[in-house]
Amino acid sequence: MPGHQGETRRTRAAQEWESPGYESPLPVTEKSNPLSRDIDRAGPQQIVRVLQECDAEVFQGDLQTDAEYKRLYSESVVQILVNVAKRVKTILKEPENSLIVLSGCGTSGRIAFLLSNTFNRILARHQQKPVYSYTIAGGDKALLTSQEAPEDSPSLGAQVLEETCAGKKHVLFIGISCGLSAPFVAGQLDFCLNNLDIFTPVLIGFNPAHMARAEPIQGWPHTLREVTERMLDLQRGQRAFVLNPVVGPEAISGSSRMKGGTATKVLLESLLLLGHRAVHRHSEINHQAVLDCIRDYETVHEMTYSKTEELADVIGTAGISLQNQGHVYYLGWKTLGIMGIIDASECIPTFGADFEDIRGFMSGGFSEMNNKEGDLSSLGPQFCIDQKDFLSTILPNLGENDTVIFIFTVDEDFADVEKLAGQVKSKTSNLQAICHEHGGCRFPVNINNIFASKILRITWTSSAGDAEDGFFMRLQWELSTKWILNAISTGAHILKGKVYKNYMIDLKVTNSKLYRRAIGMLQRFTGCSWMQGERALLRALYRVEELTEEMITADVSRHTQAANASDKVVPTALVVLQTGCSVSEAQAHLREGSVVRDAVEACLTSGRH
Ligand SMILES: O=P(O)(O)OC[C@@]1(O)O[C@H](CO)[C@@H](O)[C@@H]1O
């Protein structure tokens with residue numbers, strides 16, 4: 001794709017979604033992206049192109065100097081990164097009784113976990129004790145599966161944080177909520193604000209402060225907007241920090257696992273790396289150092305998306321597997337294995353997918369995960385993540401409808417990769433590799449032979465630096481892998497018909513944010529009122545024609561709990577609203593059309609005539 005054409009499209013799109021009336025009053029993270037409007041009708045190549053452009057928006061500079069929205073490269077954002085990196089440095093220099101806690105819900109919490117482990121490993125290389133910890137709404141179960149309900153509890157957030165920090169005298173707390181929306185994180189920030197003698201709170205998200213969630217939180221006297229405003233007041237005296245550049249609407253509306261997760265990783269890694277380099281290499285923490293770091297990540301975007309053809313091929317293969325009721329399996333090594341497990345776990349709430357549709361496994365399983373709660377495999381098949389589990393439970397039934405994607409780097413034991421690939425190859429020809437190598441280190445011939453043409457290989461230029469450079473390269477591989485896997489799972493679900501325009505129509509309404517998003521979607525597509533949308537949603541959720549008084553007056557938390565057990569709730573409500581049919585008729589209609597998008601589209605189009 002010629003670069004300037006993409007840039008022109010991005011500028012035009014930004015002018016559109018930045019205009020004050022565009023999908024007002026939705027915050028940026030919930031708006032639909034003009035660049036991806038027709039992604040549901042795109043083929044694999046086009047899907048990659050659209051995702052590339054949407055992801056490039058993460059690194060877009062200010063359109064004008066007085067632009068309303070701050071971006072990653074904006075002066076004020078860079079300054080906050082500098083200030084927070086200096087706090088990191090202070091803690092690393094005086095680690096006794098100190099802690100850096102990273103926290104979030106869903107993807108945000110998973111990234112918190114990943115980075116907390118990585119940076120503790122960097123410290124170990126320098127013979128330093130761990131300083132990092134993480135919290136995630138729903139505990140370690142949420143690292144592997146979707147646990148959306150705990151996201152709604154501020155008191156749970158505060159309690160978990162208090163336990164994590166017991167006895168500490170200095171805590172840098174970094175709460176991540178891409179939409180500035182999660183009550184769990186709000187509770188933690190409020191706890192910090194009430195204990196400023198110990199805590200320095202930092203909030204990371206991707207909306208301007210005036211778009212932070214302002215609706216009342218059940219059983220709590222504050223809102224996230226109010227907490228954000230309190231933090232902004234304290235920011236002047238550097239007692240709290242709000243890092244909230246805008247990165248543009250998601251390619252799939254509201255799917256903050258994508259750009260939100262990416263920008264979180266870029267921001268956090270940049271500020272943590274600078275803090276570490278200041279201590280271990282005595283380098284300066286200044287604007288230029290921040291800009292250099294972000295530019296390195298921008299290069300990762302370019303390198304990754306230079307593999308458009310190969311990526312489109314994998315999406316096509318994975319899409320066919322899902323269309324034929326087959327499965328996609330990620331088999332990864334080290335942290336790239338974790339990236340696979342994370343990406344797979346997100347498909348359940350995002351696309352209403354079954355946990356068997358896309359699954360991730362990693363070499364070493366829980367001993368390699370290094371999560372706080374240890375081996376969770378006894379909790380059920382969803383928690384079996386070791387490649388050994390793949391061999392014992394999946395391999396025997398693997399077939400031509402399944403796609404298996406190997407994710408590894410030149411640092412792996414090739415004999416291991418080769419042996420597993422041979423076993424998989426005897427069951428399915430849909431074998432793919434995503435692999436990272438660097439200048440001095442290439443894959444041996446037998447690895448190339450076994451995957452033949454099905455290799456998406458990225459060769460990185462390595463700097464002959466110290467161990468920290470090695471870590472930095474791995475962080476870049478992780479981000480690159482994230483982009484690739486997000487594209488594969490999103491693309492495959494698009495090809496399966498799980499996306500309508502650029503909306504995830506079959507999402508699970510398992511927390512209050514998703515519940516509100518679903519009603520908003522019903523309003524948008526049918527023109528109904530909020531109340532009509534909510535009633536239709538509840539009828540679909542409880543599978544009843546008439547709502548009882550109890551259902552109407554119950555708390556949203558009761559509905560979101562019930563949503564776990566229901567299927568195709570939003571598509572059913574859409575059909576009910578649009579045609580005036582009963583819930584059971586709508587369900588029958590959706591069963592007939594195996595592709596959700598087509599069934600919904602047929603109904604919406606016919607309703608218009
Ligand atoms: O608090 P955030 O980061 O805005 O949102 C977190 C979340 O609700 O959103 C994602 C789905 O959109 C999931 O990762 C997670 O469950």
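Just so you know, ligand 1 is whichever comes first in the structure, and atom 1 is the first atom listed for that ligand. Any value given below was found using the heavy atoms of this structure, including those in side chains, with hydrogens, waters and symmetry copies removed.
Residues with a heavy atom under 4.0 Å from ligand 1: C105, G106, T107, S108, E148, E151, S177, C178, G179, S181, A182, G254, S256, N511, K513, R517.
Annotation: side chain to side chain contact (heavy atoms under 4.5 Å, CB included) contacts of A56 (sequence neighbours excluded): R10, H301. Qualifying side chain to side chain contact (heavy atoms under 4.5 Å, CB included) partners for K508, counting only residues two or more places apart in sequence or in other chains: T510.
Under 4.0 Å is where a charged nitrogen must lie from a carboxylate oxygen, and between E250 and K259 no such pair does.
Among residue pairs with one or both ends in residues 208-230, those qualifying as ring pair (Phe, Tyr, Trp, His ring centres under 6.0 Å) are W220-H222; sequence neighbours excluded.
For an aromatic pair to be called close, the ring centres must be under 6.0 Å apart, and Y503 with F525 satisfies this.
No hydrogens or angles considered: a donor-acceptor pair under 3.5 Å links the side chains of T304 and S480.
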